[in-house]
Amino acid sequence: MNNQTNERISYITEDNNKNLWIGTYGLGVYRIDLISGEVIHQEFTRDENDDWQIDRLPNDWISCILTDRSGLIWIGTYNGLACYDTRRNTFINFTNRNNILPGYPVYILAEDPENRIWIGTTEGLFCFDRRDESYKHYTTGEGLPENVICGLATDQQGNI
């Protein structure tokens, strides 16, 4: 990492394995092993048909990162959501691509007590259930006051 990277940091979180995950604006994700000091850089790649490459980010503009209870790393980008499995060192391909919600800028992520991932976007709120790879979409039509969701929190009962 260099000074240019430092100026573009958008999000920092630590996972369960003593890795620091650093999201950037335009430079992808850096993972720093806090024990060994090793730095791994992940960027997105498209092939000659403009299709997403497997095992890559959907976009280099990172808006949020979440470590869930099982240790998966969820990475919100300005073109969808990716999920990284730290045990296998690979992205999970939930939707026959690396990208959940392609085309949607993802602003914020949260996990509920049922291990569902809640995703705040410019087009409303999504609830992704990885058990059956389904999601529900909530907008102003379902009662949200606004479709742009920039913040999420859980209460003491675990409600989003």
Side-chain angles (χ1 to χ4, degrees), residues 1-112 115-131 133 135 137 148-154 160:
M1 292 182 52
N2 57 39
N3 287 338
Q4 181 185 17
T5 305
N6 294 343
E7 294 174 7
R8 293 182 168 194
I9 291 174
S10 59
Y11 208 90
I12 300 174
T13 193
E14 185 177 342
D15 69 18
N16 304 332
N17 300 314
K18 295 291 184 194
N19 290 301
L20 198 62
W21 292 80
I22 301 171
T24 68
Y25 291 124
L27 298 173
V29 173
Y30 290 84
R31 180 178 68 190
I32 301 173
D33 184 317
L34 295 175
I35 297 169
S36 72
E38 179 185 18
V39 177
I40 297 170
H41 184 210
Q42 287 278 348
E43 292 180 287
F44 91 101
T45 303
R46 291 185 186 216
D47 69 12
E48 61 277 354
N49 296 320
D50 205 32
D51 292 328
W52 299 114
Q53 291 293 302
I54 300 302
D55 211 29
R56 296 282 186 244
L57 289 169
N59 187 273
D60 284 335
W61 294 81
I62 310 303
S63 53
C64 54
I65 304 172
L66 170 75
T67 302
D68 73 14
R69 287 177 194 86
S70 68
L72 297 175
I73 308 297
W74 298 82
I75 303 169
T77 77
Y78 283 87
N79 190 27
L81 178 65
C83 183
Y84 190 80
D85 184 338
T86 57
R87 289 183 211 104
R88 295 186 179 123
N89 287 321
T90 187
F91 284 90
I92 295 175
N93 191 353
F94 281 113
T95 58
N96 206 18
R97 306 164 69 153
N98 285 358
N99 194 358
I100 302 164
L101 304 177
Y104 287 88
V106 175
Y107 286 151
I108 191 72
L109 299 165
E111 182 181 20
D112 70 16
N115 300 320
R116 296 176 299 189
I117 303 299
W118 291 82
I119 308 156
T121 74
T122 56
E123 304 297 323
L125 181 64
F126 291 84
C127 179
F128 181 73
D129 189 337
R130 66 176 173 257
R131 293 173 295 195
E133 298 183 18
Y135 60 84
H137 185 199
V148 177
I149 308 298
C150 297
L152 294 170
T154 54
I160 298 289

Quick one: do the D68 and S70 side chains pair a donor with an acceptor below 3.5 Å?
-> yes
Drop me the distance from N89's CG to Y84's OH, to the nearest 0.5 angstrom.
-> 4.0 Å
Do I73 and I65 have side-chain heavy atoms sitting under 4.5 Å apart?
-> yes
By ring-ring contact (aromatic ring centres under 6.0 Å, His included), W61 pairs with (sequence neighbours left out) none
Output all residues satisfying salt bridge (charged side-chain N to carboxylate O under 4.0 Å, His left out) with D15, sequence neighbours left out; order by chain, then residue number.
-> none
What distance do I22 atom CD1 and R31 atom CZ have between them, rounded to the nearest 0.5 Å?
-> 12.0 Å
Can you sort out the partners of Y11 under ring-ring contact (aromatic ring centres under 6.0 Å, His included), two or more places apart, ordered by chain and number?
-> none
Nearest non-hydrogen partners of F128 and Y135, listed with the distance | CA-CB, 3.9 Å
I62 versus W21: any side-chain heavy-atom pair under 4.5 Å?
-> no
Pairs where residues 117-129 contributes a residue and the test side-chain hydrogen bond (donor to acceptor under 3.5 Å, both in side chains) is met, not counting sequence neighbours | D112-W118, D129-R131
Residues two or more places apart in sequence or in another chain: which of them pass side chain to side chain contact (heavy atoms under 4.5 Å, CB included) with L109?
-> C64, L66, W74, L81, V106, I117, I119
Could you tell me the separation between the CG atom of N59 and the CD1 atom of I75, rounded to the nearest 0.5 Å?
-> 11.5 Å
Any pair counted as salt bridge (Lys or Arg N to Asp or Glu O under 4.0 Å), so long as it reaches residues 17-29, sequence neighbours left out | E14-K18
With side chain to side chain contact (heavy atoms under 4.5 Å, CB included) as the test, would you mind laying out the steps for L125 and L152 before giving the verdict?
-> CA-CA 10 Å; L125 181 64; L152 294 170; 3.8 Å; yes
In short, Y107 meets I149 closest at the heavy-atom pair CB-O, 3.4 Å
Which class fits the ring pair H41 and Y30: parallel under 30°, tilted 30 to 60°, perpendicular over 60°?
-> parallel
Look up atom SG in C83 and atom CZ in F91, then write down how far apart they are to the nearest 0.5 Å.
-> 9.0 Å
If you measure from CG on L34 to CG on N19, what distance do you get to the nearest 0.5 Å?
-> 6.5 Å
Close side-chain approach of R130 and L72, heavy atoms under 4.5 Å | yes
Shortest non-hydrogen pair, S10 vs S63, comes out as OG-N, 4.5 Å
With sequence neighbours left out, write down each residue that passes side-chain hydrogen bond (donor to acceptor under 3.5 Å, both in side chains) with R69, or none if nothing qualifies.
-> E111, N115
